[in-house]
Asks: 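First the structure, which I've put down as structure tokens, then a few questions once you've had a look.
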Amino acid sequence: MNIDQFLRQSLNTALVELYHIKQPPDTLVLQPTRKEFEGTHTFVTFPYAKKAGKSPQELGESLGQYLEQHFPEVKSYQVVKGFLNITFQDRVWLDKFRLICDSEHWGKEASNGKTAVVEISSPNTNKPLHLGHMRNIFLGFSTSNILEAAGFQVKKVCIVNDRGIHICKSMVAYKNFGEGSTPESTQTKGDHFVGRYYVKFDQVYKEQIGDLIAQGLEKDQAKLQAPILKEAQSLLKKWEDQDPDTIALWEQMNQWVYSGFDQTYQTMEVGFDKVYYESNTYVLGKDIVNVGLETGVFLKKEDQSVWVDLTDEGLDEKLILRGDGTSVYMTQDLGTADLRFEDFNFDTSIYVVGNEQDYHFKVLFKILERLGRPYAKGLYHLSYGMVDLPSGKMKSREGTVVDADQIMEEMIDTAEKHTLELGKIEGLSEQEAQALYKTLGLGALKYFLTKVDPKKRMMFNPEESIAFQGDTGPFIQYTYARISAILRKGQALALDSIDPVLPKSLHPSEGSLIHLLNEYPHKITTAAKEYAPSVIAQYVYELAKEYNRFYAEVSIFNESSDDLKSFRVQLSKQVARTINMAMSLLGINVPERM
RNA sequence: GGACCCGUAGCAUAACUGGAUAGUGCACCUGACUACGAAUCAGGAGGUUAGGGGUUCGAAUCCCUUCGGGUCCA
């Protein structure tokens, strides 16, 4: 039984015995004890004081006394202003430590037989990936890893937005200004190559609007009349009519983009189980509309457009299909939801999509529920805030974005500079050194993007970039490398016994380390339940910090007793193991030295 | 016109979902390497949790309201 449960049951017994208060154990209010007080677990007595007819202070005292007398696991207690703080015997922690050492599957739940689908990234094929995508991607992959550790089978999918007017804009600009150049001929990464023409389109478009206004047109009219826009629209029409030349160009340009994306994904160390293309899925959903009309979930208006009325839920009426029979995003998303369920028969499906789509997903899920889809209750929108720059919002058309490839490169360069300054990696080959810089640079980036609550907008300052000190990826990586050095030495001294003699008592920092280690499985559960990588990030930071404190407070190899030395080596080893696992849940590697 | 999200020291963030004196990092000041790795550790300073009102043993958290920032729907 875990300590939490044990304490809940014991408190339950005490409340019944002393005050005849029957309170289900799992409803008792427990919380971690604050650092400045003795103990690890705190029971909040206020809610029960009235029923017991005692002051919170008295109630705490009596309960504490009861626990101390009846349960040998409880070492001592302390009541501060109605908060009952409980300290367990060192033996309890040592038993836990033994279990952790012996458990081969530590930090990995057994399969729960359920499948989760996670939709990640969903890029457009007209421009390179930027910082916003990175937040999406790292959040999505980390969430996937966490769900896997919590026992799910996870499928990572990506929907590529490869059709529509935005692609045609790049195509038009390329036709007019490309002069037959290619990524190869210009030595440019494919996605950047295509993105350039998207920006070019916008430049020309703006010039043309300016010219038209100068000729006396209203601004709104000018926006509609600009020749290059009309050209893009006619190209979209041609694409829909399957014009061979247009299709060929479209395929060619998309191919360039994909090869660029692949390279970026490789640097990020991510990959997908299945990729959907919108050019295939945008026709889906129309059948669903017909069925929905028959069953009365949808209604048809005079202009033949199809709507759903959600006003009784506090939402609006929402367009499902246009009067001319063409799709809107909602039509398509209904179709892909069904398709995805056919493909994976999932229990949970998570959409990692920015919070500007909060309303859209609320409506989508509601409609699927009304359509009686069996999977509807397993849908979840993992919504995240925008990434802001000091200069304001990122706008790809205006080129004010932080490019993913560029930022990764800069981070890796910074890591290299930093590492060379510190000069601690003698003996690494050039190849190992390069791998290390990547590990550190990407570690800093991934940690930065996953440690924050996804809901919040976040600020990214490219000038100050991302630090390597304090609450950062490299701080944790450093702790791991530090422990690795200890383990190497422990091995050399033959102190790395798998079955060390456990000490009779614990140094306080040893106790808190074991307590923290013991928390890890709970953190996975919480993180999986809430789809919150930040839970893991915060945990692993706390663990690394606690280890560094331990490291400063006690010595390992200067102890006189071999038993104690090997115990501390073993403790270090378990910390390293846990850091490694937690970091890999965030998609971050840890180095043996740095 | 309607709806949703956000506001915590100079900056960036946390608070176990209503619990203790609101934690932590950066930056700033002070100390610790002739000791297992100083990308570290120990300490200091910095807060009317945007403002006001309410709910209660207790509010950053829930309700009302004002202000500021952002988003969506037609």
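What you are looking at is a predicted structure, and each value in this text was computed from that prediction instead of being measured. The basis for the numbers below is simple: all heavy atoms, side chains too, and nothing from hydrogens, waters or symmetry mates. Here is how names work: the chains are called A, B, and so on, in the same order as the sequence lines, proteins then strands, and each is numbered from 1.
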Asks: With sequence neighbours left out, write down each residue that passes side chain to side chain donor-acceptor pair (under 3.5 Å) with A:Glu61, or none if nothing qualifies.
Replies: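 By the side chain to side chain donor-acceptor pair (under 3.5 Å) rule, A:Glu61 matches A:Tyr77.
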Asks: Expressed in whole Å, how much space separates the C1' atoms belonging to B:G51 and B:G68?
Replies: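 Here B:G51 and B:G68 have their C1' atoms 11 Å from each other.
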Asks: Does a side-chain N or O of A:Lys456 approach OP1 or OP2 of B:C5 to a distance below 4.0 Å, or not?
Replies: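 Result: no.
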Asks: Find which nucleotide of RNA chain B each of A:Val452 and A:Glu356 is nearest to by heavy atoms, and output the residue with the more 5' nucleotide.
Replies: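 Per heavy-atom nearest nucleotide, the more 5' residue is A:Val452.
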Asks: Will you find, in the side chains of A:Asn589 and A:Thr439, an N or O donor that is under 3.5 Å from an N or O acceptor?
Replies: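 No donor-acceptor contact under 3.5 Å links the two side chains.
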Asks: Using a 4.0 Å heavy-atom cut-off, does A:Ser534 contact any base of the nucleic acid, only the sugar-phosphate backbone, or nothing at all?
Replies: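 Nothing, no nucleic acid heavy atom in range.
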Asks: Could you pull out the protein-nucleic contacts involving nucleotides 44-47 of chain B (nitrogen or oxygen on both sides, under 3.5 Å)?
Replies:
none

Asks: Any donor-acceptor pair under 3.5 Å linking the side chain of A:Ser305 with the backbone of A:Gly323?
Replies: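 The answer is no, because no donor-acceptor pair under 3.5 Å joins these two groups.
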Asks: Mind calculating the distance between CG (A:Asp453) and P (B:C5) to the nearest angstrom?
Replies: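 Whole-Å distance recorded here is 14 Å.
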Asks: Could you tell me the Watson-Crick or G-U partner of B:A42, where both distances fall under 3.5 Å? Say none if there is no partner.
Replies: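 Answer to the pairing question: B:U30, which forms a Watson-Crick or G-U pair with B:A42.
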Asks: Say we look at B:G47 and B:A12: how far apart would their C1' atoms be, to the nearest angstrom?
Replies: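 Each nucleotide's C1' atom is 16 Å from the other's.
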Asks: Starting at atom CG of A:Asp309, determine the distance to atom C1' of B:A74, rounded to an integer number of angstrom.
Replies: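 Distance check: A:Asp309 CG to B:A74 C1' gives 14 Å.
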Asks: For A:His360, which contact category applies under a 4.0 Å heavy-atom criterion: base, sugar-phosphate, or nothing?
Replies: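 Counting heavy atoms under 4.0 Å across all strands, no contact is made by A:His360.
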Asks: Could you check whether A:Gln477 gets within reach of a base, just the sugar-phosphate, or nothing at all, counting any heavy atom under 4.0 Å?
Replies: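 Nothing, no nucleic acid heavy atom in range.
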Asks: So, using ring-ring contact (aromatic ring centres under 6.0 Å, His included) as the criterion, who are the partners of A:Tyr551 when residues are at least two apart?
Replies: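 Testing A:Tyr551 for ring-ring contact (aromatic ring centres under 6.0 Å, His included), a comparison that skips the adjacent residues, returns none.
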Asks: Can you measure A:Tyr329 atom OH to B:C73 atom C1' for me and round it to whole angstrom units?
Replies: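 So the OH-C1' distance, A:Tyr329 to B:C73, works out to 16 Å.
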Asks: Could you tell me the separation between the CG atom of A:Leu319 and the C1' atom of B:C73, rounded to a whole number of Å?
Replies: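 So the two atoms are 11 Å apart, to the nearest Å.
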Asks: For each nucleotide in nucleotides 28-38 of chain B, reading 5' to 3', give B when a protein heavy atom comes within less than 4.0 Å of its base, S when such contact involves only the sugar-phosphate, and - otherwise.
Replies: -------SBBS
Asks: Classify the angle between the aromatic ring planes of A:Phe567 and A:Phe97 as parallel (below 30°), tilted (30 to 60°) or perpendicular (above 60°).
Replies: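 Ring orientation, 0 to 90° scale: perpendicular.
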Asks: Between P on B:C4 and OH on A:Tyr359, what's the gap in Å once rounded to a whole number?
Replies: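 In whole Å, B:C4 P and A:Tyr359 OH are 10 Å from each other.
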Asks: Compare side-chain N and O positions of A:Arg457 against OP1 and OP2 of B:G69 and report whether any pair is under 4.0 Å apart.
Replies: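 False: A:Arg457 side-chain N/O out of range (4.0 Å or more) of B:G69 OP1/OP2.
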Asks: Between B:U21 and B:U48, how far apart are the C1' atoms? Round to whole Å, please.
Replies: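 Per the computed distance, 16 Å lies between those C1' atoms.
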Asks: Taking only the side-chain nitrogens and oxygens of A:Lys451, find out if one of them lies under 4.0 Å from OP1 or OP2 of B:A14.
Replies: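 No.
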Asks: Rounded to whole angstrom, note down the C1' distance from B:U61 over to B:A50.
Replies: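 The answer is 16 Å between these two C1' atoms.
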Asks: Report the base-pairing partner of B:C11 (Watson-Crick or G-U wobble, both distances below 3.5 angstrom), or none.
Replies: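 In the structure as shown, B:C11 has B:G25 as its Watson-Crick or wobble partner.
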Asks: Side chains of A:Glu119 and A:Ser122: donor-acceptor distance under 3.5 Å anywhere?
Replies: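 There is such a pair between these side chains.
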Asks: Taking the P atom of each, how far is B:A9 from B:U49, in whole Å?
Replies: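 To the nearest whole Å, 9 Å.
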Asks: Can you check B:U17 for me, syn or anti if syn means within 90° of 0?
Replies: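 Syn conformation for B:U17.
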Asks: Taking OP1 and OP2 of B:C73, is either one under 4.0 Å from a side-chain nitrogen or oxygen of A:Lys318?
Replies: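 For B:C73, neither OP1 nor OP2 has a side-chain N or O of A:Lys318 closer than 4.0 Å.
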Asks: Taking the C1' atom in each of B:C16 and B:A20, what is the distance between them to the nearest angstrom?
Replies: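 That atom pair is separated by 14 Å.
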Asks: Is the closest side-chain donor-acceptor distance between A:Thr33 and A:Thr42 under 3.5 Å?
Replies: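 Judged by distance alone, the side chains do pair up.
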Asks: For A:Asp413, check side chain to side chain donor-acceptor pair (under 3.5 Å) against everything at least two apart and list the hits.
Replies: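 For A:Asp413 there are no side chain to side chain donor-acceptor pair (under 3.5 Å) partners, ignoring immediate neighbours.
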Asks: If I take atom CG in residue A:Asn355 and atom C1' in nucleotide B:C4, what distance separates them, rounded to the nearest angstrom?
Replies: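 Whole-Å distance recorded here is 10 Å.
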Asks: Side chains of A:Asn548 and A:Tyr478: donor-acceptor distance under 3.5 Å anywhere?
Replies: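 Their side chains do not contain a donor-acceptor pair, so the 3.5 Å distance test is not met.
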Asks: For this output row, return yes or no: ring centroids of A:His507 and A:Phe550 closer than 6.0 angstrom.
Replies: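 Ring-ring flag for A:His507/A:Phe550: false, centres at least 6.0 Å apart.
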Asks: Rounded to whole Å, how long is the line connecting atom CG of A:Asp316 with atom P of B:A74?
Replies: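 Atom CG in A:Asp316 sits about 8 Å away from atom P in B:A74.
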Asks: If the sugar-phosphate is the primed atoms plus P, OP1 and OP2 and the base is the rest, what is the B/S/- string for nucleotides 16-27 of chain B, using protein heavy atoms under 4.0 Å?
Replies: BB-BBS--SSS-
Asks: Taking the ring centre of each residue, are A:Phe83 and A:Phe43 less than 6.0 Å apart?
Replies: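 No, the ring of A:Phe83 stays outside the 6.0 Å limit from the ring of A:Phe43, centre to centre.
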Asks: Could you work out the separation of B:U65 and B:C29 based on their P atoms and round it to a whole Å?
Replies: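 About 47 Å, rounded to a whole number of Å.
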Asks: Can you confirm if the aromatic rings of A:Phe468 and A:Phe475 lie within a centre distance of less than 6.0 Å?
Replies: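 No: the rings miss the under 6.0 Å criterion.
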Asks: For A:Lys362 and for A:Gln357, find the nucleotide of RNA chain B with the closest heavy atom, then tell me which residue's nucleotide is more 5'.
Replies: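 The residue whose closest nucleotide sits nearer the 5' end is A:Lys362.
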Asks: Can you check the distance between B:A45 and B:C28, where both ends of the measurement are the C1' atom (answer in whole Å)?
Replies: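 It comes out at 8 Å once rounded to the nearest Å.
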Asks: Check the distance between B:C4's P and A:Leu364's CG and give it to me in whole angstrom.
Replies: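 One finds 19 Å between P of B:C4 and CG of A:Leu364, rounded.
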Asks: Which base sits across from B:A3 as a Watson-Crick or G-U pair, both distances under 3.5 Å?
Replies: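 Its partner is B:U71 (Watson-Crick or G-U wobble, both distances under 3.5 Å).
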Asks: Classify the glycosidic conformation of B:C41 as syn or anti, calling it syn when the angle lies within 90° of 0.
Replies: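 Here B:C41 takes the anti form, which means its glycosidic angle is more than 90° from 0.
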Asks: Output yes when a side-chain donor or acceptor of A:Asn2 lies under 3.5 Å from a complementary backbone atom of A:Gln5, and no otherwise.
Replies: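 It does hold such a pair.
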Asks: Just by distance, no angles: are the side chains of A:Ser121 and A:Asn136 close enough, under 3.5 Å, to form a donor-acceptor pair?
Replies: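 Checked: A:Ser121/A:Asn136 side chains show no N/O donor-acceptor pair below 3.5 Å.
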Asks: Identify the nucleotide, in any strand shown, that forms a Watson-Crick or G-U wobble pair with B:G58, with both distances under 3.5 Å; if there is none, say none.
Replies: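 Check on B:G58: unpaired, no WC or wobble geometry under 3.5 Å.
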